[in-house]
Amino acid sequence: MTSYDDNLLAVRFAALAPETLAADWADVVGRAGNSRQTHSPRRRRLVIAFAVATALVAMTAAAFGAVRIFVQDKGFVGLPPLGATPSAPATGELVLHYFGPNPGLYGKSRVWVYADGRVISLLDAPSPEGSNESWTGVLEQRLTPDGVRQLQSEVIAAQGPGAKPLPDFTEIEVRDGGKLVPVTAVRDEGLIEARLADPLSWLPASAWQDSEVKAYVPTTFGVCYGAWPPDQSLEKPRMFALLPAAAQTLLGGKASWTAGGFVMPSRGHVRRVFYYCSDLSTEEARGLASALDQAGPTKKGGAARLNYQFEAKDGSGDTVQIYFEPYLPHGEIACSVCG
Amino acid sequence: LTVGGLDSDLEDLYRRRQAAFQRMLVSVTGSVESARDVVQEAFAQALRDQDGFRGNGSLEGWVWRIAFRIASGSKGSRELAVEELPEVAFVDESRDPVLAAAVRELSAQRRIAVFLRYFADLSYAEIGGVLGIAEGTVAATLSQAHAQLAERLTTNEVAV
């Protein structure tokens with residue numbers, strides 16, 4: 001999806017969510033009544049054995065997790081593990097960008113290739129190097145200078161006579177003649193999508209400086225906040241006032257920029273939705289996340305990107321969302337949920 | 001699972017998730033009151049019939065299937081078959097008629113997957129457990145639903 005990403009749909013659904021009635025466990029127990037079966041000693045022993053085994057597995061996994069935290073061989077969602085070394089250099093010139101299908105898989109793939117050889121990718125699909133079952137987190141590999149040229153040439157050569165327009169929701173840009181230009185038509189769409197989504201599958205070993213997949217560790221995060229319903233979102237001061245106090249303290253002194261929005265008819269009005277974003281170092285982002293964790297009732301997400309949802313503190317019942325996106329070397333934030 | 005059996009797991013699940021169960025089930029039953037009644041009854045049945053949980057899926061998925069069976073009016077204590085999954089719809093469409101219209105055009109399976117994702121806040125694996133389909137199928141279903149919604153919403157709303 002593009003502007004209608006997973007998070008945006010979640011916010012729109014949240015606006016339609018009905019109020020719920022109070023919990024009452026005693027009522028549940030009363031309904032269950034006295035006919036509940038008592039468990040045999042054998043079943044109870046099995047449950048205990050299973051619990052012990054589960055605990056042992058969990059403890060073993062935790063021990064391995066403690067070791068692996070410094071090994072960045074898998075993607076992560078949210079903030080990097082403590083001690084993770086940021087990708088270098090901090091900035092880079094983008095020479096190729098692909099946003100499109102993962103042939104043979106589902107979901108979307110995003111790939112950014114830089115002049116310094118870095119291939120940074122993000123898939124909303126399972127991967128051995130992925131962060132979870134649905135998103136890989138941002139990953140990094142590295143091409144040789146020749147490898148970068150081969151990839152560029154592949155895209156440039158795919159255009160020309162006989163090319164057919166790319167479908168909606170597939171975006172390719174390539175640096176050609178010193179400028180990053182959009183590719184609007186290619187001869188063999190399936191082939192170019194497969195090659196850009198997975199360069200490792202076809203580029204020769206000699207094209208890679210380091211083909212091993214690692215996590216991309218940014219130095220800066222874009223931290224964005226917005227509200228739903230969006231009436232109050234047009235002006236930053238009004239939006240800012242809805243944030244939890246902890247977020248106001250940490251974001252108050254930061255310059256901000258405006259992320260995309262859209263116009264929609266809802267409740268009889270045309271409205272714009274904006275997110276205001278500030279740039280935070282990893283340590284600042286870590287401090288903000290820690291403060292938000294302690295800020296009171298919240299819904300914390302994290303399958304695709306770290307995000308928090310709060311009830312606006314003005315008592316309106318509106319929802320405020322704060323999400324964290326890693327910056328990429330060419331100075332844009334990754335749209336982790338786009339697709 | 002805990003050493004104390006399923007009772008405490010069910011109570012913990014109820015305390016953490018009963019609101020999500022209610023939000024989702026309102027879309028099936030049409031009212032908050034009846035949705036709450038279904039949730040209470042589903043957890044009560046789960047407490048009563050603990051041997052019905054075979055442990056080959058998540059506890060929450062099992063309770064969801066019980067709840068859907070009750071909400072669908074299915075008889076007996078067996079679990080709900082996939083083809084018996086209930087229809088879901090927004091109760092108050094007037095708050096976002098464009099989204100409501102787009103969601104109405106989704107197939108039944110896509111629609112329930114979308115509702116489970118956004119009202120019940122379930123992961124792909126958990127949705128698979130509830131619907132009795134593979135996690136990859138859930139991902140594909142939601143991806144197709146997203147694409148369909150994006151197409152419909154961008155047609156009816158002006159991107160800037």
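FYI, side chains are in, hydrogens and waters are out, and symmetry mates aren't considered; it's all heavy atoms of this structure. Every chain is numbered from 1 and lettered A, B, ... according to where its sequence line falls, protein lines coming before strand lines. What you see is a predicted model; the values in this text were computed from it and never measured.
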Working to the nearest 0.5 angstrom, can you tell me the gap between A/Trp25 CH2 and B/Leu47 CG?
4.0 Å
Where the side chain of B/Arg48 meets the backbone of A/Arg31, is there a donor-acceptor pair that is under 3.5 Å apart?
yes
If contact means a heavy atom pair closer than 4.5 Å, which residues of residues 33-42 of chain B contact chain A?
B/Glu33, B/Arg36, B/Asp37, B/Gln40, B/Glu41
Any B/Val103 side-chain heavy atom under 4.5 Å of A/Phe13 side chain
yes
Could you tell me which portion of B/Leu142 (side chain, backbone, both or neither) has an atom closer than 4.5 angstrom to a non-hydrogen atom of chain A?
neither
A/Ala22 to B/Gln18 - nearest heavy-atom pair and separation:
C-NE2, 4.3 Å
Part of residues 23-32 of chain B lying next to chain A, heavy-atom separation under 4.5 Å
B/Arg23, B/Val26, B/Val32
Give, as side chain, backbone, both or neither, the part of B/Glu11 having an atom under 4.5 angstrom from any heavy atom of chain A.
both
